[in-house]
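Encoded as structure tokens, the structure appears first; notes follow it.
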Amino acid sequence: MIENLVIVESPAKAKTIEKFLGKDFRVISSFGHIRDLAKKNLGIDIENNFTPTYEIPKEKSRVVSELRKLAAESKNVWIASDEDREGEAIAWHLISVLNLDLATTRRIVFHEITNEAINSAIQNPRQVDMNLVNSQQARRILDRLVGFEISPVLWKKVQPSLSAGRVQSVAVRLIVEREREIFAFETESSFRVTAVFEISSPGSENAIIKAEASKRFGDEKEALKFIDICKDSAYSVGSITIKPGTRSPAPPFTTSTLQQEAYRKLGFSVAQTMAVAQKLYEAGRITYMRTDSTNLSGLALTKARETIVSEFGEKYSKTRQFKTKLKGAQEAHEAIRPAYPDKHDTTGTLNEKKLYDLIWKRTIASQMADAVIEKTSITIDMSNSPVIFQANGEVIKFDGFLKVYAESTDQDNGDEERYVIPPVKKGMPLIYNNISASQKFTIPPPRYTEASLVKKLEELGIGRPSTYAPTISTIQNRGYVSREDRPGEKRNIKIITLVKGKVSTSLKTEIAGKEKSKLFPQDIGMIVNDFLIDNFSEIVDYHFTAEVEEQFDEIAVGNLKWTGMIDKFYKPFHKTVTSTLEKTERKTGVRMLGNHPETGEPVTVRMGRFGPVAQIGESANNTKPRYASLSKNQLLETITLDEALNLFRLPRSLGEHEGSEMIVGIGRFGPFIRYQSKFYSLKKGTDDPYTVTFDRAVEIINEKNESDKKKVLKDFGDIMLLNGRYGPYLVKEKQNFRLPKGTDAEKLTQEDCIKIIENSEKTKKNS
DNA sequence: CAGTGAGCGAGCTTCCGCTTGACTT
């Protein structure tokens, strides 16, 4: 017999709590939700007041039978799921599945994991709050209705296996709309004038002041004119302003801010951050990593304070508690922080160490004093022009939290340079060292990264800490968006320089539009997005979630009945579903690009069965249209007639080489030459399939054949020893086998090889 | 794995939010 059984959501939490509770208590975990709406069909009886059918998913059956067994053996069952909507629902499902009594089962919540907090929770049990449970049911049922009624419309009207949902469809919309802003963006340029001045008074040699003209110039002519004026001007210090200021540390990490900073500072993807954080959590090194709260427990505040005082001294410490600004935050957990703030280091993999270090610094910095800075700005007057130059400097008087950590931003601030302005007096004459006007181009709004998309979703109140990473995977898996790099394009910038009274003009090149790990919309994402905006504008509205959340809150406090709320939503929604099915045409994203310059046939692009395709001509009695797939990085929405026509130049024949034809084409893995039914890849960057010559093709074929010869180290008939990218390996019946570490490939006999293959097949079966 | 785009139709796909392993490369 177990005296007391406590059920929590997470197994790691169960372990730590059990230590505090003593031997009368057994603590186990439910591993999150144990029941969900039925997988098949809707799982909701719409005719019958939206009665849900819940079932225990197959993968949960083992946990549930274990829970049932333990609950039956226990005198008292305590349910300590998280203190939010989902946690309350988990409690209610547990009570129902474990056949407990709703009136007598003790519902408790821990706000932090300390002896005191846990014991006070045990002393103050309450009942399950059915209003909160109902608000969760409303949330769950609404999401199911939206997802499972709209998705089938997409299967019929766009393509099979697509999906739509309250969260994912808005995420896609953000990316599509950003891309269109970038298409529509018109780059402009202007000339920015910067100067380096020297202080001419004796004793202050080498002291320089970097400044920028208060005016920008529209074109080269104007800039040149101004530089000419500069040549003949005298300069002197105008006004001097010194402003004291402070900077404060950022709050401790939530899931969203951790994902952003881990991306910016460590280059982690959102999924990678969560996987590494999970490991740290399981090892007991950090608190729970899926949270929207910036709150720190009293214990954490004390420990952080002690650490700061002992490492940096009393004046670096400032205890702070941060309020969560976000609407809709549920704050069931603490912020993400080191479990033991006094431990600066951790064991584990390199990535675990890096992420722990980031969390430690952010947490500690949040409890440190403000930085005290002094901002100095001076103006520099010209003797022959009303234009002034402005110089900004900054001095850190006291570093405070900056000693440990400064938050990064999404913008690259290449231009911003902080430096110290040397002491100057009003009216002090200055001479220029150099003045230059350089062309600056305006830049379009930035594409989203995974992390900046999470930030935006969080601002809109869409999605939860536990779903940010999965949502980003989903929209990529559906093919709606893709994470890509772009090399960017070179462009020339003009620079006019004035040095020692001489004006010269030069050209520099810069790379514009270079992208790394950015989210790009794909054709199917744009088609689905437009279809949803046309037909389900309410659902993909940026405020939809916020509006339903308000109603869920009303349900949670008992002011609104969940069935009524759902009914009011569902009636018009379902009508829209039906009418969309009846009235709308299939959506293929078709675009007419123009007519073929020679034949006059129409040239169109659309989404075909195998992806985006260009088409010349129409299917009619005796004419068959010609087709060509769009290449990667081309979009239905932006491809031009010329680009589309270009696609039809491939595949093309290069002529016969030793009796066989060489064909050039572009396949799934890039450009290739087909020769004697073998494929030869063109070299990236050096060969272009449209222009590659006969001679070059022969060269590529010969090179590949040569290296293939070297590939075969030994040939035992059905088993071959080959040389691959990662060293020698064995091939048998199209299956690859690794050699055991330390094997000398040169000395392998046929028997050795057979043994290696047998062994590796055995271990495969055992695992 | 390298070039597909006709048409029919059975049976499948799909949501969001809680939690971790059990899988393969």
Side-chain angles (χ1 to χ4, degrees), chain A residues 8-14 29-37 39-44 57 59-60 62-63 81-82 84-91 93-94 136 139-156 159-169 274-275 278-279 281-282 288-290 330 332-333 462-471 474 477-478 539 545 548 588 604 606-615 619 624-629 650-651 663-674 677-681 726 736 738 764 767:
Chain A
V8 297
E9 290 183 39
S10 150
K13 196 172 174 182
S29 150
S30 75
F31 293 80
H33 274 294
I34 52 155
R35 277 207 309 198
D36 192 14
L37 292 175
K39 258 208 166 84
K40 283 206 167 160
N41 305 323
L42 259 188
I44 303 162
E59 63 271 21
K60 288 284 174 180
R62 263 182 56 193
V63 185
S81 47
D82 297 343
D84 58 16
R85 196 159 73 195
E86 299 296 328
E88 206 67 12
I90 289 173
H93 283 299
L94 280 168
Q136 192 274 347
R139 197 280 304 157
R140 180 68 192 91
I141 286 166
L142 179 113
D143 281 336
R144 171 59 69 91
L145 289 171
V146 167
F148 274 38
E149 293 218 355
I150 300 183
S151 298
V153 178
L154 295 177
W155 306 340
K156 281 217 173 72
Q159 223 175 63
S161 304
L162 296 174
S163 64
R166 175 177 57 83
V167 173
Q168 59 169 283
S169 296
M274 294 312 282
Q278 177 85 29
K279 284 273 179 268
Y281 169 65
E282 282 167 11
Y288 196 57
M289 63 282 154
R290 289 185 276 264
Q330 313 218 349
H333 302 95
I462 298 173
R464 304 275 316 130
S466 65
T467 60
Y468 295 136
T471 299
T474 300
N477 291 339
R478 297 273 174 277
I539 307 297
T545 291
V548 291
T588 63
T604 56
R606 67 183 163 84
M607 185 54 85
R609 282 205 292 161
F610 310 109
V613 66
Q615 178 177 344
S619 351
K624 242 190 170 178
R626 289 189 288 150
Y627 298 100
S629 291
L650 293 177
I663 310 267
V664 196
I666 295 181
R668 286 172 42 186
F669 310 109
F672 64 88
I673 298 164
R674 195 172 63 203
S677 65
K678 272 178 81 180
F679 290 88
Y680 301 85
S681 291
Y726 311 111
N736 295 350
R738 259 201 302 217
K764 258 183 200 167
S767 64

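A, B, ... follow the sequence lines: proteins, then strands. Residue 1 opens every chain. Heavy-atom basis, side chains included; hydrogens, waters and symmetry copies ignored.
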>> Could you go through A:Lys60 and A:Phe31, starting from their C-alpha distance and side-chain angles, then the distance that decides it, and tell me whether this counts as side-chain contact (heavy atoms from CB on, under 4.5 Å)?
In response: CA-CA 9 Å; A:Lys60 288 284 174 180; A:Phe31 293 80; 3.6 Å; yes

> If only atom types and distance count, is the side chain of A:Thr588 paired as donor or acceptor with the main-chain N or O of A:Met607 below 3.5 Å?
Replying inline: no

> For B:dG3, does OP1 or OP2 lie under 4.0 Å from any side-chain N or O of A:Arg674?
Replying inline: yes

> Regarding A:Ser163 and A:Gln168, is there a side-chain donor-to-acceptor distance under 3.5 Å anywhere?
Replying inline: yes

> Which heavy-atom pair separates A:His33 from A:Ala89 by the least distance, and what is that distance?
Replying inline: CE1-CB, 4.2 Å

> Would A:Leu42 and A:Glu149 satisfy side-chain contact (heavy atoms from CB on, under 4.5 Å), going step by step from the backbone distance to the final call?
Replying inline: CA-CA 9 Å; A:Leu42 259 188; A:Glu149 293 218 355; 4.1 Å; yes

> Distance from A:Leu142 atom CG to A:Ile539 atom CD1, nearest 0.5 Å?
Replying inline: 7.0 Å

>> Wobble G-U and Watson-Crick pairs count when both distances are under 3.5 Å; given that, what is the 5' to 3' dot-bracket string of DNA chain B, with | for pairing to other strands?
In response: .........................

> Expressed in whole Å, how much space separates the C1' atoms belonging to B:dT13 and B:dG9?
Replying inline: 16 Å

>> Nearest 0.5 Å, please: how far is OG in A:Ser161 from CH2 in A:Trp155?
In response: 7.5 Å

>> Go through it in stages, so that I can follow the logic: the residues are A:Tyr680 and A:Phe672, the test is ring-ring contact (aromatic ring centres under 6.0 Å, His included), and I'd like the CA-CA distance, side-chain angles, deciding distance and then a yes or no.
In response: CA-CA 5 Å; A:Tyr680 301 85; A:Phe672 64 88; over 10 Å; no

> Does anything in residues 462-471 of chain A pair up under side chain to side chain donor-acceptor pair (under 3.5 Å), and if so which pairs, sequence neighbours excluded?
Replying inline: A:Asp292-A:Arg464

> For the pair made of CD in A:Glu88 and P in B:dT19, what is the distance, rounded to whole Å?
Replying inline: 15 Å

> Yes or no on side-chain contact (heavy atoms from CB on, under 4.5 Å) for A:Ile673 and A:Ile663, after CA distance, side-chain angles and deciding distance?
Replying inline: CA-CA 5 Å; A:Ile673 298 164; A:Ile663 310 267; over 6 Å; no

> Reading nucleotides 12-17 of chain B 5' to 3', which nucleotides get B (base under 4.0 Å from a protein heavy atom), which S (sugar-phosphate only), which -?
Replying inline: -BBBBB

> When the distance from CG of A:Asp84 to C1' of B:dT19 is rounded to whole Å, what number comes out?
Replying inline: 13 Å

> How would you list, by chain and number, every residue that makes a salt bridge (Lys or Arg N to Asp or Glu O under 4.0 Å) with A:Asp143, sequence neighbours excluded?
Replying inline: A:Arg139, A:Arg166

>> I'd like to know whether A:Gln159 forms a side-chain contact (heavy atoms from CB on, under 4.5 Å) with A:Leu162, so could you lay out the CA-CA distance, the side-chain angles of the two residues, the decisive distance to 0.1 Å, and finally the verdict.
In response: CA-CA 6 Å; A:Gln159 223 175 63; A:Leu162 296 174; 3.5 Å; yes

Between N or O atoms, less than 3.5 Å apart, protein on one side and nucleotides 4-8 of chain B on the other: list the pairs.
{"unit_1": "B:dG5", "atom_1": "O6", "unit_2": "A:Ser629", "atom_2": "OG", "d": "2.8"}
{"unit_1": "B:dG5", "atom_1": "N2", "unit_2": "A:Arg609", "atom_2": "N", "d": "2.8"}
{"unit_1": "B:dG5", "atom_1": "N2", "unit_2": "A:Phe610", "atom_2": "N", "d": "2.3"}
{"unit_1": "B:dG5", "atom_1": "N2", "unit_2": "A:Gly611", "atom_2": "N", "d": "3.4"}
{"unit_1": "B:dG5", "atom_1": "N2", "unit_2": "A:Gly611", "atom_2": "O", "d": "3.4"}

>> Between C1' on B:dC18 and CD on A:Glu59, what's the gap in Å once rounded to a whole number?
In response: 12 Å

Pull out every protein N or O sitting under 3.5 Å from an N or O of nucleotides 20-22 of chain B, one pair per line with the distance.
{"unit_1": "B:dT20", "atom_1": "OP1", "unit_2": "A:Ser10", "atom_2": "OG", "d": "2.5"}
{"unit_1": "B:dT20", "atom_1": "OP2", "unit_2": "A:Gln278", "atom_2": "NE2", "d": "3.3"}
{"unit_1": "B:dT20", "atom_1": "OP2", "unit_2": "A:Arg290", "atom_2": "NH2", "d": "2.8"}

>> Tell me whether A:Glu9 contacts the main-chain N or O of A:Asp82 through its side chain, where contact means a donor paired with an acceptor under 3.5 Å.
In response: yes

